[in-house]
Amino acid sequence: MLSLLRHVTPSCYGGRRSIATLISGNATSKLVRERLKKEVDKMKTSEFRPSLVVLQVGSREDSNLYISSKMKAAAEVGIDASHVRLPNTSTQDEVLRTIMSINEDASVHGLIVQLPLDSVHTIDMELITNAVSPLKDVDGLSCINAGKLSRGDLNNCFIPCTPNGCMELIRQTGVSVAGKHAVVVGRSKIVGAPMHDLLLWHHATVTTCHSKTPNLPEQVGRADILVVGAGRAEMVHGDWLKEGAVVIDCGINHVADETKASGKRVVGDVHYGSASQRAGYITPVPGGVGPMTVAMLMQNTVLSAQHFLANLDDKDSQ
Ligand code: GUN
């Protein structure tokens, strides 16, 4: 398996060697992008290209970075991507009107609204994510797509990109999900809740933990497969883990580090040094789930464009 690396470098944690195999999101996402490029090459004509719009309200620095990696991946795959920016003075109505006009534009196959919204006005995020046409909702965040996923209708909905990427990374390990005990830490609409649904419909027994879960270490210790999307730096410690567990870390946290020129570094929600000595497989941060989220957005956009073309063919043959 190309995207797994035996982790043999001495760990700085207690001077011991890591035993976990590293699951590389960089390598896996590259394979996905290469596959998608071939699919796009097949469907591209002088008049047709899959197309994606990323709508941003305001100009948060972290969002700018995420969007630029989405634009770069789209260009690489052959997707026509545009970044539509609205100022941070935009009202809810203005954002809604922009979404409606993109919904109606038949040349656009995928639309995402970059979150969080950065406006001086109060904007109802639920209203915004549900305004995106379910047929173009390549983030999978609308109630329609989330509802289908929660009922196990996986082949008839857009699956949110981060959990979809996590499933792909779990697949890379060769560890089967069916019959395993999976634990998800976090219940956000973008990561934890859809991750729960995906693992469930891949036949795991799933426990979802959150801020009110008593004795989190005990719950985490029951996991054959652990997915953490809690948004808290290095919250999960290695000694909580079941020996040999598959550990997927969705966290992106900035912590102070005086040894870095920037004065900070990025860590996950899992304490990598200790966890890599107990887990069987583990994703790094950075280079784990992050690039997979972007690759899955490209995959959903290509799927949407394929559905669009198939519907055209159906109409033509009627
Ligand atoms: N902000 C951080 N991650 C995401 C994502 O996957 N989709 C959107 N729309 N916004 C995000």
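As the structure lists them, so they are numbered: ligands from 1, and atoms in each ligand from 1.
- Of the polar atoms of V113, at least one N or O is found under 3.5 Å from an N or O of ligand 1, judged by distance alone.
- The aromatic rings of H271 and H237 lie parallel to each other, with less than 30° between the two planes, well short of the 60° mark.
- When heavy-atom distances to ligand 1 are checked against a 4.0 Å cut-off, L115 comes that close through both its backbone and its side chain.
- Polar contact with ligand 1: present for D139 (N/O pair, distance under 3.5 Å).
- Between P116 and ligand 1, not a single N/O pair is under 3.5 Å apart.
- In N155, the CG atom is not crowded: 12 or fewer heavy atoms of neighbouring residues, nucleotides or ligands sit closer than 6.0 Å.
- Ring geometry, F48 versus H109: the interplanar angle falls from 30° to 60°, so the pair is classed tilted.
- Under the 4.0 Å criterion applied to side-chain N and carboxylate O atoms, K242 and D224 are assigned as salt-bridge partners.
- Residue T162 has no N or O atom closer than 3.5 Å to an N or O atom of ligand 1.
- The closest side-chain heavy-atom distance from I159 to P194 is not below 4.5 Å.
- Counting only non-hydrogen atoms, the option in T129, I112, I190 that gets closest to atom 3 (N) of ligand 1 is I190.
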